[in-house]
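Below you'll find the structure I mean.
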Amino acid sequence: MLQVTGKTNSVNAYNVADLDLSHELSDYETSSIIAGFSIDNQSKTDQRFFTFSDSLDPTEQTLKKGKKGDDYDGDYILFDSLKNGYKPALSGKLKSSGKYKFSRKGNDILFGGIGG
């Protein structure tokens, strides 16, 4: 049987002020707060691509050659998979904490990585 009591919890404001509430977050803890996947551009050329999801309109992004971009939003990217020419490619569903990269093999631009 459920019993209801009149007991309540209270906090003394003077005691709370004495608490040390500061805490430096670890890399693991901050990665949980900062949403978005990262991409390392190893393709030896600048990469333009679009990030998007069901609830996020496509956003054009540019990642310079040799650079890494962090905190991209979306579930997918659309990119050109050829260095010379045009052949759009759609990624599989991406993990928000994943680490991905562009690379190049001949004329092909490849995209892959590890979901977090």
| task | Please report the closest heavy-atom contact between P58 and F50, naming both atoms and the distance. | result | CB-CD2, 4.2 Å
| task | Run the numbers on T45 and F102 for side chain to side chain contact (heavy atoms under 4.5 Å, CB included), then give the verdict. | result | CA-CA 10 Å; T45 185; F102 284 111; over 6 Å; no
| remark: Closest non-hydrogen contact found for L63 with K68 is CD1-C, 3.9 Å
| task | Rounded to the nearest 0.5 Å, what's the gap from CG on D71 to OG on S96? Could you check? | result | 10.5 Å
| message | Can you tell me how far apart OG (S103) and CG (D108) are? Round to the nearest 0.5 Å. | response |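 With rounding to 0.5 Å, OG (S103) is 10.0 Å from CG (D108).
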| request: Check whether any side-chain N or O of N107 sits under 3.5 Å from a backbone N or O of N84 as a donor-acceptor pair, and report yes or no. | output: yes
| message | Please evaluate residues Y100 and Y72 with respect to the criterion ring pair (Phe, Tyr, Trp, His ring centres under 6.0 Å), reporting the C-alpha separation (whole Å), side-chain torsions for both, the decisive distance (0.1 Å), and the verdict. | response | CA-CA 11 Å; Y100 302 95; Y72 291 108; over 10 Å; no
| field | Beyond-backbone contact of D75 with L94, side-chain heavy atoms, under 4.5 angstrom | value | no
| message | With a 4.0 Å cut-off on N to O distance, would you call D46 and K64 a salt bridge? | response |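 Yes, this pair counts.
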| remark: CD (Q61) and CG (L78) are apart, to the nearest 0.5 Å, by 12.5 Å
| query | If you round to the nearest 0.5 Å, how far is NZ of K65 from CG of N41? | reply | 10.0 Å
| Euclidean distance, K99 NZ relative to I39 CD1, rounded to 0.5 Å | 12.0 Å
| query | When hydrophobic residues are tied together by side-chain contacts of less than 4.5 Å, even through go-betweens, does L82 share a cluster with L110? | reply |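 Not linked; separate clusters.
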| task | For the pair K93 and Y76, evaluate side chain to side chain contact (heavy atoms under 4.5 Å, CB included) and give the outcome as yes or no after the intermediate values. | result | CA-CA 5 Å; K93 188 163 185 172; Y76 303 93; 3.8 Å; yes
| message | I'd like to know if the side chain of S81 and the backbone of K87 have a donor-acceptor N/O pair within less than 3.5 Å. | response | yes
| message | Between F111 and F49, is the ring centroid distance below 6.0 Å? | response |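 No, the ring of F111 stays outside the 6.0 Å limit from the ring of F49, centre to centre.
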| field | Minimal non-hydrogen separation, L90 against F52, with atom names | value |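 Reported closest heavy-atom pair: CD1-CZ, 3.5 Å.
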| Interatomic spacing from CD in Q47 to NZ in K83 - rounded to 0.5 Å | 10.0 Å
| query | Quick one: does S43's side chain have a donor or acceptor within less than 3.5 Å of a partner on I109's backbone? | reply | no
